[in-house]
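The residues of the chain are indexed from 1 along the displayed sequence. Remember, it's a predicted structure, so these values are computed and weren't measured experimentally.
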Amino acid sequence: MRWFCALAASLWLSACAVQEASPPTDPLLYDARALAQADSVVIGIPGAMTSIRVLRPIDELETRDRAVAYFRLPGFDGRPADESIVLDRAAARIARLVQTHDLKRIDLIGHSTGAVIALEAAKDIRAASPDVEVHVIGISTALPAPQPVLAGLRGAAGTAAAAARARSLNPRKVWLEYYRRLAYGPDVDTRPETVEAADALVAANDERIQLPENGLYRRHTRDLRRWTNPDPEALAGADISFYHGAVDPVFPPRPTQRFVDTLPDARATFINGHGHLILLTYPQVWDHIASTLTQASSD
């Protein structure tokens, strides 16, 4: 049963979770010269068990006046694997970037757990630097407690069903079968186009999909399970948008919309026919994000 627990714990695993070898340094990765010349920055924050590679389209947002930075998670992109994600600590590190540079605007783009870090960082920035313009984009956002625990239960049920469909107890075969539904929702096999898309996604990423090992997943998600979104009114004045799969099996639409409704002036767009991996299954989301940030600049 150890493999089954590992699979159930793999809900937020991304297809591009590939580690890179580089010296462990500051979690924030950026070009110091470009940031010194800019008056704004876009920061990409990946979700649990995910490399910054899934957010690389953010590079297209860089201009002479807008720098790009990434927050690296433990065990990925050169960071040591024995650390844990601590939401408050991650948020505080991002907020310090504003305090140490003469920035007028910061755009925070977070995926899943990364969206939670973005929200907490926005609170810190609004408190310490109220004149700085803050924009948050959450992609397939994680939700406050008890939703992360419920997500684990849904994942356990999903992997059990995947084992039955795969007619196998091989951990990788079961996970790849569940991965199809993680990407396109529980009804993936009811439409020929989603069957084809899901099969193509698995075939393209089979060798790059990793199962969590040595407790890394637990260190990535432990603090999230306790997160309650304290003091949502601290986000007043920030511009907040979410993009979410309408058939996301990890954080479903209804609790997601309820969460969004608790935030000041936040809005959500649900992408029909897509699950938790819209970064991979719906690349047009980047066009929406660019348009959202551009519109915010003109308002």
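Contact check for Trp286 versus Leu279: side-chain heavy atoms found under the 4.5 Å cut-off. The shortest distance between side-chain heavy atoms of Arg105 and His135 falls below 4.5 Å. Looking only at side-chain heavy atoms (C-beta outward), Val68 and Asp59 come within less than 4.5 Å of each other. Residues Leu73 and His220 meet the side-chain proximity criterion, which asks for heavy atoms closer than 4.5 Å. Within the 4.5 Å cutoff, side-chain heavy atoms of Leu216 are placed close to those of Met49. With a 4.5 Å cut-off on side-chain heavy atoms, Leu119 and Leu235 count as touching. Side-chain contact between Glu133 and Ser40 is absent, with no heavy atoms from C-beta onward closer than 4.5 Å. With contacts defined as side-chain heavy-atom distances shorter than 4.5 Å, the pair Leu97/Ile43 qualifies.
Annotation for Ala121 and Ala91: closest pair N-CB, 3.4 Å, computed over non-hydrogen atoms. Annotation for Glu83 and Pro80: closest pair OE2-CG, 3.2 Å, computed over non-hydrogen atoms.
Taking hydrophobic clusters as Ile, Leu, Val, Met, Phe, Trp and Tyr residues chained together by side-chain heavy-atom distances below 4.5 Å, Phe251 shares a cluster with Val260. Hydrophobic clustering keeps Val247 apart from Val285 (ILVMFWY residues linked when any side-chain heavy atoms are closer than 4.5 Å, directly or through intermediates). Following chains of ILVMFWY side-chain contacts shorter than 4.5 Å, one cannot reach Leu28 starting from Val86, and the two form parts of different hydrophobic clusters.
Note that CG of Leu224 is 7.5 Å distant from OG of Ser112, once rounded to the nearest 0.5 Å. Distance CD1/Ile125 to CG/Asp131: 13.0 Å, rounded to 0.5 Å. Atoms CG and OG1, from Leu103 and Thr100 in turn, are 7.5 Å apart once rounded to the nearest 0.5 Å. The structure places CD of Gln147 at 5.0 Å from CG of Leu150, a figure rounded to the nearest 0.5 Å. Atom CD1 of Ile139 is separated from atom CD1 of Ile109 by 6.5 Å, given to the nearest 0.5 angstrom. A distance of 5.0 Å separates CD1 in Ile137 from OG1 in Thr292, rounded to the nearest 0.5 Å.
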Pair Phe76-Thr50, side-chain contact (heavy atoms from CB on, under 4.5 Å): steps then yes or no: CA-CA 7 Å; Phe76 292 87; Thr50 308; over 6 Å; no
Run the numbers on Asp26 and Arg93 for side-chain contact (heavy atoms from CB on, under 4.5 Å), then give the verdict. CA-CA 9 Å; Asp26 187 338; Arg93 176 61 192 97; 2.5 Å; yes
Run Trp227 and Glu120 through side chain to side chain donor-acceptor pair (under 3.5 Å) and show every step you take. CA-CA 10 Å; Trp227 183 66; Glu120 290 302 313; 3.0 Å; yes
Stepwise side-chain contact (heavy atoms from CB on, under 4.5 Å) check, Asp107 with Arg66: CA-CA 10 Å; Asp107 299 328; Arg66 176 194 278 169; 3.8 Å; yes
Step by step, would you call Val41 with Tyr30 a side-chain contact (heavy atoms from CB on, under 4.5 Å)? CA-CA 10 Å; Val41 63; Tyr30 58 90; over 6 Å; no
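Checked by atom type and distance alone, the side chain of Ser140 pairs as donor or acceptor with a backbone atom of His276 at under 3.5 Å. The main-chain N or O of Arg79 is never found under 3.5 Å from a side-chain atom of Arg72 such that the two would form a donor-acceptor pair. Although no hydrogens or angles enter the test, the distance criterion places a donor-acceptor pair under 3.5 Å between the side chain of Asp31 and the main chain of Ala34. Lys123 places a side-chain N or O within 3.5 Å of a backbone atom of Pro230 that can act as its donor or acceptor partner. Not a single donor-acceptor pair under 3.5 Å links the side chain of Asp39 to the backbone N or O of Lys104. Not a single donor-acceptor pair under 3.5 Å links the side chain of Asp187 to the backbone N or O of Thr190.
Around the CZ atom of Arg218, the shell of radius 6.0 Å holds no more than 12 heavy atoms that belong to other residues, nucleotides or ligands. Environment of CG in Asp261: crowded, with over 12 heavy atoms of neighbouring residues, nucleotides or ligands closer than 6.0 Å.
Not a single ring pair (Phe, Tyr, Trp, His ring centres under 6.0 Å) links Phe71 to another residue, sequence neighbours left out. Under the side-chain hydrogen bond (donor to acceptor under 3.5 Å, both in side chains) criterion, Tyr282 pairs with His288, sequence neighbours left out. The salt bridge (charged side-chain N to carboxylate O under 4.0 Å, His left out) check on Asp124 picks up nothing, with sequence neighbours excluded. Scanning for salt bridge (charged side-chain N to carboxylate O under 4.0 Å, His left out) contacts around Arg258 gives an empty result, with sequence neighbours left out.
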With a 3.5 Å cut-off and sequence neighbours excluded, list the donor-acceptor pairs that the side chains of residues 193-203 form with protein atoms.
unit_1, atom_1, unit_2, atom_2, d
Thr194, OG1, Val188, O, 2.5
Thr194, OG1, Arg191, O, 2.9
Asp199, OD1, Arg180, NE, 3.0
Asp199, OD1, Arg180, NH2, 3.2

Donor-acceptor list for residues 262-273 side chains, cut-off 3.5 Å, not counting sequence neighbours:
unit_1, atom_1, unit_2, atom_2, d
Thr262, OG1, Phe259, O, 2.6
Arg267, NE, Ser241, OG, 3.2
Arg267, NH1, Asp239, OD1, 3.4
Arg267, NH1, Ile240, O, 3.4
Arg267, NH2, Asp239, OD1, 2.9
Arg267, NH2, Asp239, OD2, 3.1
Arg267, NH2, Ser241, OG, 3.1

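No donor-acceptor contact under 3.5 angstrom links the side chains of Tyr184 and Asp189, judged on distance only.
Both the sub-6.0 Å distance and the 45° axial angle are not jointly satisfied by Arg165 relative to the ring of Tyr178.
Of the charged side-chain nitrogens involved, none lies within less than 4.0 Å of a carboxylate oxygen, so that Arg53 and Asp77 do not count as a salt-bridged pair. Under the 4.0 Å criterion applied to side-chain N and carboxylate O atoms, Glu177 and Arg181 are assigned as salt-bridge partners.
The one candidate from Thr63, Leu55, Ile58 that meets the side chain to side chain contact (heavy atoms under 4.5 Å, CB included) condition with Val42 is Ile58.
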